[in-house]
K.L.:
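Here it is, the structure, as structure tokens.
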There are 2 protein chains.
Amino acid sequence: MNERQIQQVRRFNRIVTQHVGALEESYLQRGRPLGQARLLHEFGPDGVEVRALRERLKLDSGYVSRLLRSLQAQGLVTTLSRTGDGRVRHVVLTAKGRAERETYDALSDELAASFLVPLEPAQRERLVNAMAEVERLLRAGGVELRLERPDSAAARACLNQYFQELAERFESGFNPARSNPAGDEDMTPPAGFFIVAWLDGQPVGCGALKRGDGATGEIKRMWTSPTARGLGIARKVLRALEEKARESGLARLRLETNRSLTEAQALYRQEGYREVAPFNREPYAHHWFEKQL
Amino acid sequence: MNERQIQQVRRFNRIVTQHVGALEESYLQRGRPLGQARLLHEFGPDGVEVRALRERLKLDSGYVSRLLRSLQAQGLVTTLSRTGDGRVRHVVLTAKGRAERETYDALSDELAASFLVPLEPAQRERLVNAMAEVERLLRAGGVELRLERPDSAAARACLNQYFQELAERFESGFNPARSNPAGDEDMTPPAGFFIVAWLDGQPVGCGALKRGDGATGEIKRMWTSPTARGLGIARKVLRALEEKARESGLARLRLETNRSLTEAQALYRQEGYREVAPFNREPYAHHWFEKQL
DNA sequence: TTCATTCTCTGACTTTAGTCAGAGAACGGG
DNA sequence: CCCGTTCTCTGACTAAAGTCAGAGAATGAA
């Protein structure tokens, strides 16, 4: 990281806030304070619980209550106690509220369009691509790896999605019972490790290392959530697992993969894994890889 | 412009405001309201006039006055009437004020660094490049072309910088008196046109069309400020001049250029100009171009 | 010299966006 | 059924960020 990079980031921050700041003005044009307007965006199709609102926006409970009452007075929301719990209030948008939110949405669209309109088609495409890249890399910066127990809620969530994705992508479907097992105990220290990647408080990827009994470890359960692909998460997880392997004194890592998982194969090759002859009878595998640490 | 692009821009806006919004928090840590903190960034080495402050930040005069008095009470600025005009007040930073501004600057640096730190070197470079691209294209969107009289202040400013740049870049220097003339009258409607490109209220580029007496017009005075290069300004100006030429019933455009102006030559070729034999005795020219409209 | 204008400042006021303390209803484990 | 906890709401308060009207000094064109 150098001075040039820092200065570029600062220039970027300056110009982008100038541009994006216009959104607040345009929201205010609707004659409603920003606090209220922001609230409208938090409603799902089934509404929200007040406590969820409070937590998501990190606002004082009294403040939220007051904001909701203003919205209610304007006929934009109605409050009801839907859940079994009589303490929590459920708030839903009325038809008028939904219309109002649409309007704010249209204002956001307008602002976005105003960035694109003055440009020529080729420039527009360049802008959008550059924005996607910035978005990706800013998000990537928020990724955090944590060692978790394989039976933790986060790990379970990842594994379920992983298995489901395998079932969809493998030509033959996927049945965990037919595959070589990697039990929880194999992925729990010191026998192995299970790493979960977190983004915005959500688990978005995982990977496991099974140490085995010799100098060769196995990489298992490498997965990244579709919502977080392109952020380099799998690579980060893989490198962290390799680090763990080195710490554990392993000399070599192995893994096998299915031919339909092409991104994974590309990653392994980039990271220095060489394809080798099959070293096990995993029925779902088509490629076997190995790397000397 | 399509839905996909709009949605990408909106996603970008959302994530960037989240990230950049952290700057306000970090500024507030200094225990001073944002309004005051923002003011500190507006002081040049010679200070500012209060009225300039008011205009630049578009704030109420009473409000600015009050903000300045708070800063003064904190010993960060001093007020004096430096100009001949006894009504306008001149405000300068004290040593303490300069130190304070440095501190805010460091906070901005820190925020910028926090974007880069979690990334790997290659990703950092990608982020910085993408940010530069976004910055460039957002700025490009703010460019506006206006027809100006060649003797207007804006046109004069452009031409002076243009001549100065030629003097620096031509191996032989540049003396307008030795060059083929293009007088103000040749660039004033209906004999010709002078276009100035504006960005953020500053003239940042120009170009002229001299209609001549036949069906052939001449492009002259194509220039872009070094502060605004890479935004496609010259191309925009050139196309606007061609449009004017078509409206005027011209069938052909000509121009000549010096061999040291390589970007200009590249532009002309891209825009469909063909190099032709010299059609005049301009002493500073090495290349002559022509385009059928 | 006069008079409209410009520039800065002061006082009075408003809205927004919170914070804090506590009340009262509902819940849930023992 | 009791009691501590959770959830929402109300009242009272504050700071920030402005807005508005007008006063007073300085300026400059007629």
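Convention: sequence-line order gives letters A, B, ...; per-chain numbering from 1. Treat the numbers as computed from the prediction; the structure is a model and nothing was measured. Because only heavy atoms are used, hydrogens play no part in the values below, and waters and symmetry mates are left out as well, while side chains stay in.
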K.L.:
Nearest heavy-atom pair of A:I15 and B:R139: which atoms, and what distance?
P.N.:
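For A:I15 versus B:R139, the nearest heavy atoms are CD1-CG, 2.9 Å.
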K.L.:
Between B:L34 (CG) and C:dG18 (C1'), how many Å, whole number?
P.N.:
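Distance check: B:L34 CG to C:dG18 C1' gives 14 Å.
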K.L.:
For a 4.0 angstrom threshold against heavy atoms of chain B, report the outermost contacting nucleotides of DNA chain D in 5' to 3' order.
P.N.:
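The contact span of chain B on DNA chain D goes from D:dA16 to D:dT27.
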K.L.:
Tell me: CG of A:L57 to C1' of C:dG18, nearest whole Å?
P.N.:
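In whole Å, C:dG18 C1' and A:L57 CG are 14 Å from each other.
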K.L.:
Which part of the nucleic acid, if any, lies within contact of B:L67, taking any heavy atom under 4.0 Å across all strands shown: a base, the sugar-phosphate backbone alone, or nothing?
P.N.:
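Touches nothing.
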K.L.:
To the nearest Å, give me how far apart OH (B:Y63) and C1' (C:dC13) are.
P.N.:
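Distance check: B:Y63 OH to C:dC13 C1' gives 15 Å.
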K.L.:
Quick one, B:Q74 with B:R32, criterion side chain to side chain contact (heavy atoms under 4.5 Å, CB included). Give me CA distance, side-chain angles, the key distance, then yes/no.
P.N.:
CA-CA 10 Å; B:Q74 297 167 59; B:R32 192 174 288 113; 2.6 Å; yes
K.L.:
Any non-hydrogen side-chain atom of B:F115 less than 4.5 Å from a side-chain atom of A:L137?
P.N.:
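B:F115 does not reach A:L137 side chain to side chain.
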K.L.:
Pick base, sugar-phosphate or nothing for A:R66, based on heavy-atom distances below 4.0 Å to the nucleic acid.
P.N.:
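Touches a base.
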K.L.:
In this structure, how many angstroms lie between the C1' atom of C:dT15 and the CZ atom of A:R32, rounded?
P.N.:
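So the two atoms are 16 Å apart, to the nearest Å.
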K.L.:
How long is the straight-line distance from OH of B:Y162 back to CZ of B:R221, given to the nearest 0.5 Å?
P.N.:
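Here the interatomic distance stands at 5.5 Å.
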K.L.:
So, is A:R87 close to the C:dC27 phosphate, meaning a side-chain N or O under 4.0 Å from OP1 or OP2?
P.N.:
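Checking A:R87 against C:dC27: no side-chain N or O falls below 4.0 Å of OP1 or OP2.
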K.L.:
Taking atom C1' of C:dC27 as reference, at what distance in whole Å does atom CZ of A:R51 sit?
P.N.:
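Atom-to-atom, A:R51 to C:dC27, this comes out as 11 Å.
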K.L.:
What is the distance, rounded to the nearest whole Å, between atom CZ of B:R54 and atom C1' of C:dC7?
P.N.:
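From B:R54 CZ to C:dC7 C1': 6 Å.
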K.L.:
Once the angle between the rings of A:H41 and A:Y27 is folded into 0 to 90°, is it parallel (under 30°), tilted (30 to 60°) or perpendicular (over 60°)?
P.N.:
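Ring orientation, 0 to 90° scale: parallel.
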K.L.:
Can you tell me how far the CD atom of A:E133 sits from the CG atom of B:L127, to the nearest 0.5 Å?
P.N.:
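Between A:E133 CD and B:L127 CG, I get 8.0 Å after rounding to 0.5 Å.
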K.L.:
Rounded off to whole Å, could you give me the CG-to-P distance for the B:D60 and C:dT15 pair?
P.N.:
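Answer to the nearest Å: 17 Å.
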K.L.:
Quick one: label A:G62 by what it contacts on the DNA or RNA (base, sugar-phosphate, nothing), any heavy atom closer than 4.0 Å.
P.N.:
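Base: the residue A:G62, judged by heavy atoms under 4.0 Å, touches a nucleobase.
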K.L.:
Do B:L145 and B:V196 pass the side chain to side chain contact (heavy atoms under 4.5 Å, CB included) test, and can you show the C-alpha distance, the side-chain angles, and the key distance before you say yes or no?
P.N.:
CA-CA 6 Å; B:L145 302 189; B:V196 172; over 6 Å; no
